[in-house]
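Keep in mind that the numbers below use all heavy atoms, side chains included, and drop hydrogens, waters and symmetry copies.
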Amino acid sequence: MPEYKYSTLAVHAGQYPDAQTGAVNVPIYLTSTFELDGIGASKGWDYSRGGNPTRDRLEEALKALEGGTWARVFGSGMAAITALVAPLHVGDHLICSHNVYGGTARLLDQVIKNYGIEIEYVDLTDLEALAAALKPATKLVHVETPTNPLMQLTDIAAVAELAHKAGAEVSVDNTFLSPALQSPLTLGADIVMHSTTKFLNGHSDGLGGVLVGTKPHHAEKFHLMQKAMGGILSPFESYLVLRGIKTLPLRMKQHDENGRAVAAFLAEHPKVQKIFYPGLKSHPQHELAARQQKGFGSMITMELGSREAVERFLKSLKVFLNAESLGGVESLASHSATTTHAALTEERRAEIGITQGLVRLSVGIEDKDDLIADLTQALEAI
Ligand SMILES: *Cc1c(COP(=O)(O)O)cnc(C)c1O
């Protein structure tokens, strides 16, 4: 449906009435298997690991939102990243953003590395460092932008150009911005990945993950990963993401507006020692954010000085919930060092700048005055 604008796609791509009944919502096909018309003659589905009509519709919606030609959904964001790296072979070299989501680093360091795949973390804000790290064995450059939780940006177009010249493909974890605020495929990425658990679902009621791209051989490769590895998304959770997607553009507008307001408030607050938000002019990559993104989003990280300060702050919050995850309608605050980045050693956290005084906010869609009042009283408690 390329002729439609974004909000229309969000409501209608993949979400057309059921041909048999006219139901305006995509039915949840709770079935593991499908009756065949004869030997080898199916109606398009034979077994739900390979394909399920509800899941197919979600894949149709997600490919439209990211501007891809195929999408494959998985049981979680981590299952999607597993499927992304599983086709690599012994001796292949994988370059990864140096401060990725903790779970990604855990998968690469504690599982994938044991398969003889060389993992190298590179500061991808530094293009010279990337150029130096690329080698003939490099098959994939995995980018996360903005990074979690320090909100560092990577220039996707520049990375894609360097990687492609070296014969490597580029995948981008687009979870923090959602397809509404950043389109990595149009910037030259080969594969986009999301934890649909976050903004795409938007209601914190289910996990999921997706890979999207434009290369036909990838469509087959990642369908094979669904069938062979089995980490697929259930029909019910596919439905939840389909339902969430309808309001994605509307929610992202509010997330973005609230994010900007909260960041502007925190930037002026004396108890906030440092703030990381690409929407602020003081962010070192504000210009890149303005050029590469369609908004600044609602992820904000701040430095409160100590673990004790964070503890008091989190205990005093009334509207914000002290919980990990992000991208839901409700505002969350979390202590990165002991939640999303708990899997890293203290040395590695120090190396990438994740201190005990960091708090990450996922600003929800509540009224921004209530959010700012809540933050005001919690910061006073420090
Ligand atoms: C949450 C998250 C993941 C992992 O997704 P799950 O659905 O929790 O498995 C990967 N990348 C980023 C940036 C995330 O925020």
Side-chain angles (χ1 to χ4, degrees), residues 1-17 24-26 54-73 77 80 143-146 153 156-157 160 171-204 206 208-214 219 233 238-261 278-279 288-299 326-329 362-365:
M1 301 168 84
E3 70 272 29
Y4 291 117
K5 293 204 166 45
Y6 208 75
S7 301
T8 312
L9 283 180
V11 175
H12 294 290
Q15 310 214 47
Y16 37 84
V24 298
N25 287 309
V26 177
T54 314
R55 193 173 96 210
D56 289 3
R57 295 284 204 98
L58 174 59
E59 291 176 344
E60 207 176 322
L62 287 168
K63 84 179 176 196
L65 292 185
E66 276 293 2
T69 55
W70 61 268
R72 299 294 183 201
V73 294
V143 178
E144 200 177 302
T145 181
L153 269 60
I156 297 170
S171 54
V172 176
D173 185 335
N174 201 22
T175 301
F176 264 38
L177 287 170
S178 91
L181 298 186
Q182 180 166 268
S183 303
L185 295 178
T186 65
L187 296 165
D190 302 284
I191 299 163
V192 177
M193 172 262 150
H194 284 277
S195 164
T196 65
T197 311
K198 316 297 169 52
F199 290 104
L200 282 162
N201 171 303
H203 297 75
S204 309
V210 66
L211 300 176
V212 190
T214 53
L233 193 65
S238 296
Y239 165 78
L240 289 176
V241 182
L242 278 166
R243 181 171 164 138
I245 281 174
K246 292 182 187 178
T247 55
L248 178 76
L250 207 55
R251 284 186 285 111
M252 292 316 292
K253 219 182 267 179
Q254 198 61 46
H255 278 299
D256 190 56
E257 188 183 318
N258 287 1
R260 290 174 201 232
L288 173 60
R291 170 159 48 91
Q292 170 165 281
Q293 305 174 182
K294 290 172 247 177
F296 301 115
S298 61
M299 299 307 298
L326 60 114
V329 290
S362 170
V363 180
I365 64 167

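Between the side chain of Arg72 and the backbone N or O of Ala219 there is at least one donor-acceptor pair closer than 3.5 Å. Checked by atom type and distance alone, the side chain of Asn201 never pairs as donor or acceptor with a backbone atom of Gly244 at under 3.5 Å. In this structure, Asp256 contributes its side chain and Phe296 its backbone to a donor-acceptor pair below 3.5 Å. The backbone N or O of Val363 lies less than 3.5 Å from a partner atom in the side chain of Ser298, making a donor-acceptor pair. No donor-acceptor pair under 3.5 Å is formed between the side chain of Ser171 and the backbone N or O of Val192.
Here Leu242 contributes atom CG and Gln15 contributes atom CD; the two are 4.5 Å apart, rounded to the nearest 0.5 Å. Atom CD of Glu66 and atom CG of Leu211 lie 11.0 Å apart (nearest 0.5 Å). Atoms OG and CG, on Ser195 and Asp173 in that order, are 8.0 Å from each other to the nearest 0.5 Å. For the atom pair CD of Gln182 and CG of Leu153, the computed distance is 7.0 Å after rounding to the nearest 0.5 Å. Expressed to the nearest 0.5 Å, how far NZ of Lys198 lies from CG of Leu177 amounts to 13.0 Å. One distance of note links CG of Leu288 with CD of Gln293; it measures 7.5 Å at 0.5 Å rounding.
Taking all atoms of both residues into account, the shortest heavy-atom contact from Thr214 to Gly67 is CG2-O, 3.9 Å. Of all heavy-atom pairs between Ala71 and Leu62, the closest is CB-CB, 4.2 Å. Taking each heavy atom of Phe199 and Leu248 in turn, the nearest pair found is O-CD1, 3.5 Å. Of all the heavy atoms in Leu326 and Phe176, the pair that sits closest is CD2-CE1, 3.6 Å. The minimum heavy-atom distance linking Thr54 with Tyr239 is given by the pair CG2-N, 4.0 Å. Taking each heavy atom of Ile245 and Ala61 in turn, the nearest pair found is CD1-CB, 4.3 Å.
Side-chain contact between Ile365 and His255 is present, with at least one heavy-atom pair separated by less than 4.5 Å. For the pair His203/Leu240, no side-chain contact is recorded, criterion being any heavy-atom separation below 4.5 Å from C-beta on. With contacts defined as side-chain heavy-atom distances shorter than 4.5 Å, the pair Leu200/Pro179 qualifies.
Annotation: cation-pi geometry satisfied between Arg57 and Tyr16 (NZ/CZ under 6.0 angstrom from ring centroid, within 45° of ring axis).
When the options Val210, Val172, Val143, Thr175 are evaluated for a side chain to side chain contact (heavy atoms under 4.5 Å, CB included) with Met193, the one that passes is Thr175.
The local environment of NZ in Lys246 is crowded, with over 12 non-hydrogen atoms from other residues, nucleotides or ligands closer than 6.0 Å.
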